[in-house]
Amino acid sequence: MAFINENYLKLQAGYLFPEIGRRVNEFVKANPGKKVIRMGIGDVTQPLVPSVVKAFHEGVEEMANKESFKGYGPEQGYGFLREAIAVNAFNARGVDISADEIFISDGSKCDTGNIQEIFGHDNKIAIGDPVYPVYADTTVMAGKTGVCQPNGYYEGIIYMPCTAENHFIPELPTETPDLIFLCFPNNPTGAVASREELKKWVDYATENKSIILFDAAYEAFITNDSIPHSIYEIEGAKKVALEFRSLSKTAGFTGTRLAYTVIPNELVAYDKKGNPHQVSKLWNRRHTTKFNGVSYPVQKAAAAIFTEEGKKEVQAVIDYYMENARIMKKSLAETGFEVFGGENAPYIWVKTKNGMKSWEFFDKLLNEANVVGTPGSGFGPAGEGYFRFSAFADRENVLEAMERIKNL
Ligand code: MLT
C-alpha cells in the first residue's frame with residue numbers, strides 16, 4: 001500500500017493563485033462577453049526588453065551549432081551570469097558578495113520552498129502575517145507544523161502579525177525562532193524595511209544564532225534611496241542571512257524563469273552537537289543532486305539585463321509599473337479606500353470598506369466591476385479585511401479598472 005504525506009491534509013485550501021484562477025475562469029465561462037481586468041497574481045504583462053531578446057536569440061543560435069552547442073551546464077549556474085550578478089547587483093552597491101556565493105535557479109518560489117530541506121526538522125520557523133503563502137504552506141508540507149487552529153495559524157509556526165498599527169513591519173517575536181522568513185519589499189503589503197529595522201533583525205539573529213531567509217524578490221522596485229535593497233547592506237548580515245532574488249518581476253521572467261539565491265560562505269548552521277556547518281555546502285549538495293540548472297539561452301538572456309543597455313531598458317519597464325502603482329494608489333485613495341504600499345513595491349494594499357471580508361470583496365469586484373485582485377486573507381489571517389492589487393497590468397487596463405472601481 002502506498003501512503004501519502006499526511007502533512008498535505010493539514011493544508012487549509014488550495015494554493016491561493018490557482019483558487020483565484022478557478023473563480024475567474026468560472027466567471028468568464030458564465031459571462032463570455034465581459035472584459036475581465038486581471039490585477040490578481042503579480043504576473044508581468046510587458047514583453048522582455050530588446051537586449052534580453054537579442055541575447056536569448058544568440059543563446060538559441062549557439063545551441064543550434066555543433067561548435068557552440070552546450071549540454072548540461074553547471075548546476076549552480078554559468079560563471080558569466082554569477083559574475084555579472086555579483087558585480088552589478090551587489091558589488092556596485094558596495095556589498096561584498098562573490099560569484100561562488102550565488103546559486104542560479106528557476107524561481108524564488110521553488111527556492112523559498114526548497115530551502116527548508118537543508119535545515120533540521122526541529123527548527124522553529126517565524127513567518128510574517130500576512131506574507132507570501134509559500135513560506136507557511138511549504139513549512140506545513142515539510143511536516144514542521146501541527147494542525148491549523150481555528151484562528152488560521154498552524155501549530156508550531158511563530159507568526160509575526162503585520163498590521164496597520166506596526167506599519168506592516170513585524171516585531172521581534174517573543175518566542176525565539178531558528179529560521180526567520182522576512183520579505184522586503186513586502187508581498188503583499190508593499191511595506192519596506194529601513195536600514196535600522198533590518199539591523200535590528202540582523203542583531204537579533206546574531207544573538208540567537210538564527211538564520212534570516214530574506215526574500216528580496218521585489219528589491220528592484222524600491223524608489224526611496226535610503227531603503228536597503230539587500231540584507232547584506234547591513235553589517236554582520238553575511239553571517240546570519242541568505243537572500244532570495246528573482247528576475248521574474250524585475251525583468252519580466254515569470255514565463256522565462258530565472259532566480260538566484262545568495263548564500264554567503266560564512267553563513268553556518270549547527271548540528272546537534274553544536275558543530276558549525278557551511279550552509280552553502282548543504283545547498284550546493286542539494287542543488288547538484290536535485291537540479292540540473294537553468295537552460296543556457298535563459299541564462300544568457302538573464303546576463304543581458306546587467307549590460308548598460310539592458311539596465312536602462314529594464315529600468316524603463318520597472319518605471320512603467322511603478323507609474324501604474326502611483327496611479328492606482330491615488331485613484332483608490334480618492335475612491336475612499338485606505339491604501340498602503342505601492343511606493344517601493346508593485347503592490348497596493350487596500351483596506352476594504354465597512355469591514356467587508358477579503359473574499360467577499362473579491363467576489364463583489366469580480367462580479368460588479370469585472371476586476372480581479374487578491375484577497376488579503378489568502379496571505380494569512382492578519383490579511384483579512386484587506387485586498388491586494390498588482391501594478392503589473394497594461395496602463396490602459398489600470399485606468400479602466402480604476403474607473404470601474406470608482407463607479408462601483
Ligand atoms: C504573487 O502574486 O504574489 C506572485 O506572483 C507569486 C509568485 O511570485 O509566485
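Only a predicted model underlies this, so the values are computations on that prediction, with no experimental measurement involved. Just so it is clear, the values below take in all heavy atoms, side chains as well, and ignore hydrogens, waters and symmetry mates. Counting starts at 1 for both ligands and their atoms, in listed order.
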Without placing hydrogens or testing angles, list every side-chain donor-acceptor pair under 3.5 Å for residues 334-343, not counting sequence neighbours.
unit_1	atom_1	unit_2	atom_2	d
Glu334	OE2	Lys330	NZ	3.2
Thr335	OG1	Ser331	O	2.7
Glu343	OE2	Lys329	NZ	3.0

Problem set entry | Side-chain ion pair, Asp43 and Arg38, N-O less than 4.0 Å | no

Exercise. Taking atom CD of Glu368 and atom CD1 of Ile405, what is their separation to the nearest 0.5 Å?
Worked result: 11.5 Å

For this session: Sort and list the pairs that fulfil salt bridge (charged side-chain N to carboxylate O under 4.0 Å, His left out) and have at least one residue in residues 380-398, not counting sequence neighbours.
Result: none

Exercise. What residues form a side-chain hydrogen bond (donor to acceptor under 3.5 Å, both in side chains) with Ser248, not counting sequence neighbours?
Worked result: Ser246

Exercise. Do NZ/NE/NH1/NH2 and the carboxylate oxygens of Glu75 and Lys290 come within less than 4.0 Å?
Worked result: no

Ligand 1 polar-atom proximity to protein (N/O, under 3.5 Å):
unit_1	atom_1	unit_2	atom_2	d
ligand 1	2 (O)	Gly42	N	2.6
ligand 1	2 (O)	Arg388	NH1	3.4
ligand 1	2 (O)	Arg388	NH2	2.7
ligand 1	3 (O)	Asn187	ND2	2.8
ligand 1	3 (O)	Arg388	NH1	2.9
ligand 1	5 (O)	Gly42	N	3.4
ligand 1	5 (O)	Gly42	O	3.3
ligand 1	5 (O)	Lys249	NZ	2.9
ligand 1	8 (O)	Lys249	NZ	2.9
ligand 1	9 (O)	Tyr132	OH	2.6

